[in-house]
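Computation of the quantities below employed the complete heavy-atom set of this structure, encompassing side-chain atoms and omitting hydrogens, waters and symmetry-equivalent molecules. Reminder, nothing fancy here: chain letters follow the sequence lines and each chain counts from 1. The structure presented is a predicted model; accordingly, all values stated were derived computationally and were not measured.
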Protein chains: 2
Amino acid sequence: MDVTKKERDCIVVIHENSSGFPLRLSDIAILMKIKPSTAYELLNRLLSKNIITKEKGMIMLTSYGNHVYSEIITAHRTMEILLTKSGVNSDIACSQMEKIDYLMDESSIEKILKQIGNPAKCPHGKPVKPA
Amino acid sequence: MDVTKKERDCIVVIHENSSGFPLRLSDIAILMKIKPSTAYELLNRLLSKNIITKEKGMIMLTSYGNHVYSEIITAHRTMEILLTKSGVNSDIACSQMEKIDYLMDESSIEKILKQIGNPAKCPHGKPVKPA
DNA sequence: CCATATATTAGTATTATACTAAAATATTTA
DNA sequence: TAAATATTTTAGTATAATACTAATATATGG
C-alpha cells in the first residue's frame, strides 16, 4: 500500500511516541504541528488504509501499520548508513532520507543491507530492523 | 527550485527528445501520454519556474532547466550505480530511482559519487554527468 | 482561402493538504 | 451530578497538482 509524505510522518510519530501509553488525536496534532481537524482527516486516511485503529480515542498502529513502519524505518536507516559511509553528515543523511524513505522498494533495500554487511544499527545507534 | 514528479518527467522527456529539433506541446503530450490541455498546464508551470521556454511553439529547456535536468540525472545515475553494485537489477534500480531522483540533495549525491570513485557511466552506459 | 492540425481556454473532477468555526462528545472537577 | 473544560467531529473553504472533455482560437499546409 502506498502512503503519502504526511501519512508517513504520522506513522513515524505514532510509533515513536507510543512507548508509554497510546496517543490521542490531539497529541498527534501537537506532535505534527497541525490543527486537530487536519489530524482528523489524516487519521481517517490511515484508518481507511488499515494502518491505524482508534479505540476509545486511543490511536495505535495495526499489525499492518507496524509492518509499514518497519519498512519505512529500515529503508531510512539502511540508506542513512550508506550515505554516511560516503561521507555525508549523519543529520543531513537523516533529513535527506526523511524525504524519500517511504518511496523505496523493500527488495532494493534488502539487497543494499546485505551488501553493506547487515549492520544492526544506524549512525544514530538505532536498530535498522526495529522490533 | 523544487519540481514535482510530473514536472521531473516532463523535463526528462524534453531533454531526451530534443536531439534533432525541438518538441512542440503536442509531441510532449504524446510522449507523456497525457491530453494536450494537461500538457499545457504542466508546461505553464515549467514556464513560470523558468525551466523551459516556448518560442513559436518550440519548447526548449532554459539553461536553468538544463541545470535542473543535470542534477536529476546525476542523482538518478549515481544511485543506479550504487544500487546495482549492491546487486539490484539495473532496470529495477532505474525504476526505483525514477521515483526519487528529483528529491535528492546535490551535495549528498556528489559525496556518494566521489566515494564510488567518480564513475563516468551508469549501468546502462549513459554518462553520470550529462553534457 | 480552406481544411487540418495545434494550442489555448473554460469548466469540471479528484486527491492531498490545511485552515476556521461550529457542533457534538467526553472528561474532569467542584 | 452539573458545570466547566477538553477533545473530537462536522461543515465549509482554500490551494496545488493532476487530468479530463469540449469548445474556441490560431497556425500551417495545400
Side-chain angles (χ1 to χ4, degrees), chain A residues 1-14 17-18 20-61 65 68-69 72 95 98-104, chain B residues 1-14 17-18 20-62 65 68-69 72 95 98-103:
Chain A
M1 175 79 74
D2 283 340
V3 293
T4 64
K5 178 61 165 61
K6 289 292 168 181
E7 288 166 4
R8 175 250 180 242
D9 290 344
C10 193
I11 291 166
V12 172
V13 157
I14 292 170
N17 292 278
S18 297
F21 43 86
L23 299 173
R24 289 160 309 158
L25 183 149
S26 57
D27 301 320
I28 291 168
I30 291 165
L31 288 164
M32 296 191 68
K33 302 184 214 296
I34 57 180
K35 299 293 167 194
S37 57
T38 305
Y40 184 80
E41 295 260 310
L42 178 55
L43 292 172
N44 264 359
R45 291 205 306 279
L46 291 172
L47 273 170
S48 71
K49 288 181 180 182
N50 193 34
I51 286 172
I52 62 166
T53 51
K54 228 195 290 192
E55 277 167 43
K56 292 188 185 169
M58 296 305 175
I59 290 150
M60 282 174 289
L61 294 177
V68 173
Y69 170 78
I72 291 168
S95 63
E98 265 174 24
K99 295 185 207 161
I100 59 179
D101 53 18
Y102 70 105
L103 296 171
M104 296 200 73
Chain B
M1 174 79 74
D2 283 341
V3 293
T4 64
K5 177 60 164 62
K6 289 291 169 180
E7 287 166 4
R8 175 252 180 240
D9 290 345
C10 192
I11 290 166
V12 172
V13 156
I14 292 169
N17 292 279
S18 297
F21 44 86
L23 299 173
R24 291 159 308 158
L25 182 149
S26 57
D27 301 320
I28 290 168
I30 291 165
L31 288 163
M32 296 192 69
K33 302 185 214 294
I34 56 179
K35 299 294 168 191
S37 57
T38 305
Y40 184 81
E41 295 261 311
L42 178 56
L43 293 172
N44 265 0
R45 292 205 306 277
L46 291 172
L47 273 170
S48 71
K49 289 183 180 181
N50 193 35
I51 286 172
I52 62 166
T53 52
K54 227 195 290 191
E55 278 167 40
K56 292 187 186 170
M58 296 306 174
I59 290 151
M60 283 174 291
L61 294 177
T62 61
V68 173
Y69 170 79
I72 291 168
S95 62
E98 265 173 26
K99 295 186 208 160
I100 59 178
D101 53 17
Y102 70 105
L103 296 171

Proximal nucleotide (of dA16(C), dA19(D), dA18(C)) relative to the Thr38(B) side chain: dA19(D)
Write down the distance between NZ (Lys5(A)) and C1' (dA17(D)), rounded to a whole number of angstrom. 17 Å
Using a distance-only criterion (donor-acceptor N/O pair, under 3.5 Å, no hydrogens), is the base of dT15(C) paired with the side chain of Thr4(A)? no
Rounded to whole Å, CG of Asn44(A) lies from P of dA11(D) at a distance of 12 Å
Glu7(B) CD to dA19(D) P, straight-line distance once rounded to whole Å: 11 Å
Nearest heavy atom decides the nucleotide; on that basis, is Gly57(B) or Glu41(A) closer to the 5' end of DNA chain C? Gly57(B)
How many Å lie between NZ on Lys54(A) and P on dT7(D), as a whole number? 15 Å
Rounded to the nearest 0.5 Å, the NZ atom of Lys5(B) sits from the CG atom of Asp101(B) at a distance of 8.0 Å
To the nearest 0.5 Å, what is the distance between CG on Leu42(B) and CD1 on Ile52(B)? 8.0 Å
Could you tell me how far apart Arg8(B) (CZ) and dA17(D) (P) are, to the nearest whole angstrom? 18 Å
Looking at dT8(C), dA16(C), dT9(D), which one has an atom nearest to any side-chain atom of Leu25(B)? dT8(C)
Keeping Lys49(A) on the side-chain end and Asp2(A) on the backbone end, is there a donor-acceptor pair under 3.5 Å? yes
Side chain of Ile34(A) only, heavy atoms from C-beta on: which candidate in dA18(C), dT20(C), dA16(C) is closest? dA18(C)
Ser26(B), nearest nucleotide to its side chain (from dA7(C), dA18(C), dT9(D)): dA7(C)
Among dA16(C), dT8(C), dT21(D), the one nearest any side-chain atom of Lys35(B) is dT21(D)
How many whole angstroms separate atom NZ of Lys56(B) from atom C1' of dA27(D)? 12 Å
Taking only the side-chain heavy atoms of Pro36(A) (C-beta and beyond), determine which of dT20(C), dT9(D), dA22(D) contains the nearest atom. dT9(D)
Nearest-Å distance for atom pair OH/C1', residues Tyr102(B) and dA17(D): 11 Å
Tell me which nucleotide among dA19(D), dA11(D), dA7(C) gets nearest to the side chain of Arg24(B). dA7(C)
From CG of Leu42(A) over to C1' of dC19(C), roughly how many Å is that when rounded to an integer? 14 Å
Closest heavy-atom pair, Ile11(B) versus Gly65(B), reported as atoms and distance to 0.1 Å, is CG2-O, 4.3 Å
Taken to the nearest 0.5 Å, the spacing of Asp9(A) CG from Ile28(A) CD1 works out to 12.5 Å
